Amino acid sequence: MKASPPPLRIDGSTGLCCLIGNPVRHSISPQMHNAAFQALNLNLVYLAFQVEDGLGEAVKGLRSLGVKGFNVTIPYKVSVMDHLDALDDSALRIGAVNTVLNRDGTLIGYNTDGRGFIRSIGIENIKDRGLTVLGAGGAARAIVYESARYASRIFILNRTLSRAEALAEEVASRLGLSLDTEIEAMPLNPGSLRKALEHSSLLANATPIGMYPRVDESPVPEGLLRRDLTVFDAVYNPLETRLLREARLIGATTVNGLEMLIHQGGEAFKIWTGLDPPIEAMRSAALKALRGHGRPRGAWRVKP
Ligand code: NAP
């Protein structure tokens, strides 16, 4: 029989981690992080706070209260940077913060989305490989910036070509000097997809195409998928999107967006506690939380 985790302990020295954003009600971070704290018997709790306005006041309050750290979500991932004391390289590169560490009163901003992506795929599946990324928004930025350190070639395909071009240029100029990675921007259409996928072993969808309720949509025509591709979808509702289902059915390796979410949380946990995150406990809490929200829709599949 599985040993149950120790009961939640709250006392006068319990530390606080939290999420700020708007909305936050749908977030599964509280379940995921509290499960992690419990699994390692840490005297910490995690709560979610909806901040309507007055972001600066909220951050000031968190500092005064001596929270251990906090996560930041939409719409504050960029604006929160004005209220922090320092930014880690990850936040500087991506230009957004999703995790803050309170180190003895100094608030340091990080971005763990990119590392969450790399961990969910496995670095061996990115290193010296070609990567096709669909989208040029927040998720794509994190994926491209982090992957540019490892991949040999990156294709950014976006509905609005100018955004893909701007991201490609920005990444190349910020990281270019120390990189051999080629970064190319293209419009998101079947012709470009065919060309990009010919040179890629990894495909990452970072658009909301296929997300509930439009679950019958896929950003990639089925005929362009190959068995030897690793296919990632940032969407996690449903857990298995049409893209992932079609990829799985032809024998490709698939990774869903929940894995990125869990691993970005794991990286935040590590920043706050200095400990390796209990990923299994976090994954099972995340899945349970999604089911509690009436989700997930579709089968739960990750790469073996
Ligand atoms: P975002 O900043 O709004 O960017 C959305 C991107 O998708 C843009 O490039 C946009 O293209 C493109 N797009 C939107 N609708 C499209 C459509 N109908 N056809 C073609 N392209 C379309 O959003 P985001 O924060 O990057 O999020 C993207 C997806 O990733 C969402 O489903 C989100 O839930 C998911 N996500 C997952 C994680 C995770 O940890 N798993 C983390 C972050 C985000 P244009 O530039 O042309 O508008």
Side-chain angles (χ1 to χ4, degrees), residues 19 21 23-24 26-29 32-33 71-78 90 94-99 111-121 132-147 155-168 170-171 185-190 192-193 203-221 231-244 254-269 279 282-283 286-287 289-290 293 295-298 300-302:
L19 169 69
V24 295
H26 66 283
S27 172
I28 60 170
S29 291
M32 211 166 67
H33 282 292
N71 286 131
V72 185
T73 189
I74 287 168
Y76 302 125
K77 284 184 166 190
V78 175
S90 56
I94 296 169
V97 163
N98 76 339
T99 300
N111 193 307
T112 65
D113 281 336
R115 296 199 63 164
F117 168 73
I118 302 282
R119 287 207 180 273
S120 69
I121 297 296
T132 294
V133 179
L134 313 182
R141 284 184 75 82
I143 290 171
V144 170
Y145 261 107
E146 201 63 30
S147 301
F155 301 90
I156 306 172
L157 278 63
N158 197 42
R159 178 176 62 181
T160 309
L161 176 61
S162 57
R163 274 187 95 188
E165 287 171 339
L167 178 57
E170 185 193 311
V171 177
M186 294 173 158
L188 178 55
N189 62 38
S192 304
L193 268 168
L203 163 67
N205 175 40
T207 77
I209 300 173
M211 188 164 83
Y212 180 81
R214 298 168 73 173
V215 295
D216 290 336
E217 296 178 7
S218 168
V220 182
V231 181
F232 166 83
D233 202 328
V235 172
Y236 56 87
N237 181 24
L239 285 175
E240 188 177 65
T241 55
R242 176 172 171 185
L243 171 65
L244 291 191
T254 61
V255 182
N256 69 35
L258 191 64
E259 284 299 298
M260 176 167 160
L261 195 75
I262 292 164
H263 284 283
Q264 65 74 29
E267 293 296 307
F269 177 94
I279 290 294
M282 295 175 84
R283 182 179 291 117
L287 273 170
L290 282 180
H293 286 192
R295 295 179 285 176
R297 293 173 170 85
W300 161 245
R301 291 201 67 85
V302 286

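We count residues from 1, following the sequence as given. All values derive from a computational prediction rather than experimental measurement. Every number for a ligand or one of its atoms is a count from 1 in the order of the listing.
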Which atoms of ligand 1 are found less than 4.0 Å from any heavy atom of [X]?
X      : answer
Val235 : 32 (O)
Thr160 : 45 (P), 46 (O), 47 (O)
Leu261 : 40 (O)
Ala136 : 9 (O)

Open item on the list: Please verify the inter-ring angle class for Phe117 with Phe232; under 30° counts as parallel, over 60° as perpendicular, anything in between as tilted.
Closed with: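 Perpendicular, since the angle between the ring planes exceeds 60°.
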For ligand 1 and [X], I'd like to know whether there is a polar contact (N/O to N/O, distance under 3.5 Å).
X      : result
Tyr236 : no
Ile209 : no
Gly135 : no
Met211 : no

[atom]: nearest protein contact (heavy atom, Å):
atom                    : value
atom 11 (O) of ligand 1 : Asn158 OD1, 3.2 Å
atom 28 (C) of ligand 1 : Ala206 O, 3.4 Å
atom 23 (O) of ligand 1 : Gly138 N, 4.5 Å
atom 25 (O) of ligand 1 : Ala139 N, 4.0 Å
atom 42 (C) of ligand 1 : Met260 CE, 4.0 Å
atom 7 (O) of ligand 1  : Pro208 CD, 3.3 Å
atom 8 (C) of ligand 1  : Arg163 NH1, 3.7 Å
atom 37 (C) of ligand 1 : Ala234 O, 3.2 Å

Open item on the list: I'd like the name of whichever of Lys77, His263, Arg159, Arg141 reaches closest to atom 17 (C) of ligand 1 through any heavy atom.
Closed with: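 Residue with the shortest heavy-atom distance to the ligand atom: Arg159.
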- [ ] Between Gly137, Ala166, Ser162, Ala96, flag the one that comes closest to atom 1 (P) of ligand 1 by a heavy atom.
- [x]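 Comparing heavy atoms across Gly137, Ala166, Ser162, Ala96, the nearest one to atom 1 (P) of ligand 1 lies in Gly137.
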Determine the minimum heavy-atom distance between [X] and [Y], stating which atoms define it.
X      : Y      : value
Ala286 : Ile262 : CB-CG1, 4.2 Å
Val72  : Val97  : CB-O, 3.7 Å
Ala168 : Ala185 : CB-CB, 4.2 Å

TODO: Could you tell me whether atom 3 (O) of ligand 1 has a protein heavy atom closer than 4.0 Å?
DONE: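 Under 4.0 Å from atom 3 (O) of ligand 1, zero protein heavy atoms found.
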Task: 4.0 Å protein heavy-atom contact status of atom 44 (C) of ligand 1, strictly under - done: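 Yes.
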Counting N and O atoms only, with roles assigned by atom type, does the side chain of [X] sit under 3.5 Å from a partner on the main chain of [Y], one being a donor and the other an acceptor?
X      : Y      : result
Ser192 : Pro187 : yes
Arg242 : Gly210 : no
Glu146 : Ile143 : no
Thr160 : Ser162 : no

- [ ] For Gln264 and ligand 1, answer yes if some heavy atom of the residue is under 4.0 Å from a ligand atom, otherwise no.
- [x]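 No, that is not the case, since the closest heavy atom of the residue is not under 4.0 Å from the ligand.
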Open item on the list: Less than 4.0 Å is my threshold; does some heavy atom of Asp113 fall inside it relative to ligand 1?
Closed with: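 So Asp113 does not count as touching ligand 1.
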Open item on the list: I'd like to check Thr73 versus Leu19 (side-chain heavy atoms, cut-off strictly below 4.5 Å). Are they in contact?
Closed with: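 A side-chain contact under 4.5 Å exists here.
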Open item on the list: Leu134 and side chain to side chain contact (heavy atoms under 4.5 Å, CB included): which single residue from Ile209, Leu203, Asn158 fits?
Closed with: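 Answer after filtering Ile209, Leu203, Asn158: Leu203.
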Open item on the list: Would you say that more than 12 heavy atoms from the other residues, nucleotides or ligands in this model lie under 6.0 Å from the CZ of Arg115, or not?
Closed with: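 Open: at most 12 neighbouring heavy atoms sit under 6.0 Å from CZ of Arg115.
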Open item on the list: Any carboxylate oxygen within less than 4.0 angstrom of a Lys/Arg side-chain nitrogen, looking at Arg119 and Glu259?
Closed with: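 No salt bridge links Arg119 with Glu259.
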Task: From Ile156 atom CD1 to Glu165 atom CD, the distance as rounded to the nearest 0.5 Å - done: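 If I round to the nearest 0.5 Å, the distance is 10.0 Å.
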